[in-house]
Amino acid sequence: QVQLVESGGGLVQAGGSLRLSCAASRRTLRYYTVGWFRQAPGKEREFVAAQTPGSTTYADSLKGRFTISRDNGENTVSLQMNDLKPEDTAVYYCAARAAIRSSSTIRSSYDYWGQGTQVTVSS
């Protein structure tokens with residue numbers, strides 16, 4: 001089992017930046033696919049970004065503003081968010097799966113989820 005804990009959320013003005021971090025209970029996520037999803041109230045949880053051991057994928061609408069990375073000896077995964085917009089407001093979740101089984105953009109393909117961290121972007 002893998003436990004994930006997100007941090008780094010908060011309130012930021014439009015155009016600002018935040019860096020989210022997800023700490024894993026294992027020392028390395030080298031062989032895991034890791035991803036970020038987000039969910040606004042009343043809306044479906046949507047794909048943000050993911051990284052397999054060999055590739056990186058972003059939601060088309062976010063590519064160029066958000067960057068996913070593995071940090072601190074691969075025991076954490078981060079999401080750098082730049083030029084934030086009010087429509088980015090949501091609870092952001094990190095997720096992981098032990099093996100490649102399907103597209104990294106599919107929510108139901110992930111085995112482990114964090115509790116989420118709130119990101120609020122004011123206009």
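When a residue number appears, it is its place in the shown sequence, counting from 1. Note that these values count all heavy atoms, side chains included, but never hydrogens, waters or copies made by symmetry.
Between the side chains of T56 and Q51, at least one donor N or O lies within less than 3.5 Å of an accepting N or O. Side-chain N/O atoms of S109 and R97 include a donor and acceptor closer than 3.5 Å.
Side chain of T89 to backbone of V121: a donor-acceptor contact under 3.5 angstrom is found. Y92 contributes no side-chain N or O that, together with a main-chain N or O of E6, makes up a donor-acceptor pair within less than 3.5 Å. The backbone N or O of D71 lies less than 3.5 Å from a partner atom in the side chain of T76, making a donor-acceptor pair. T33 places no side-chain N or O within 3.5 Å of a backbone atom of T52 that could act as its donor or acceptor partner.
Linking ILVMFWY side-chain heavy atoms closer than 4.5 Å, directly or via other members, places L4 and F47 in two distinct hydrophobic clusters.
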| task | Kindly determine whether V119 and M81 satisfy side chain to side chain contact (heavy atoms under 4.5 Å, CB included), including the steps that lead there. | result | CA-CA 10 Å; V119 172; M81 306 185 295; 3.8 Å; yes
| Under the side chain to side chain contact (heavy atoms under 4.5 Å, CB included) criterion, do Q80 and S17 qualify, and how do the steps go? | CA-CA 8 Å; Q80 178 67 44; S17 298; 4.0 Å; yes
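In this structure the side chain of F66 never reaches within 4.5 angstrom of the side chain of W36, judged on heavy atoms. Between R107 and W113, the closest side-chain pair of non-hydrogen atoms falls below 4.5 Å.
Cation-pi geometry between R45 and F37 is not met at under 6.0 angstrom from the ring centre and within 45 degrees of the axis.
Within 6.0 Å of CD on Q118 lie more than 12 heavy atoms contributed by other residues, nucleotides or ligands.
Heavy atoms only, all atoms of each residue included: L84 and R65 are closest at CA-NH1, 3.9 Å. Annotation for Y58 and A49: closest pair CD2-CB, 3.6 Å, computed over non-hydrogen atoms. Y110 and S104 make their closest contact through OH-O, 2.6 Å (heavy atoms, listed as atom of the first residue, atom of the second, distance).
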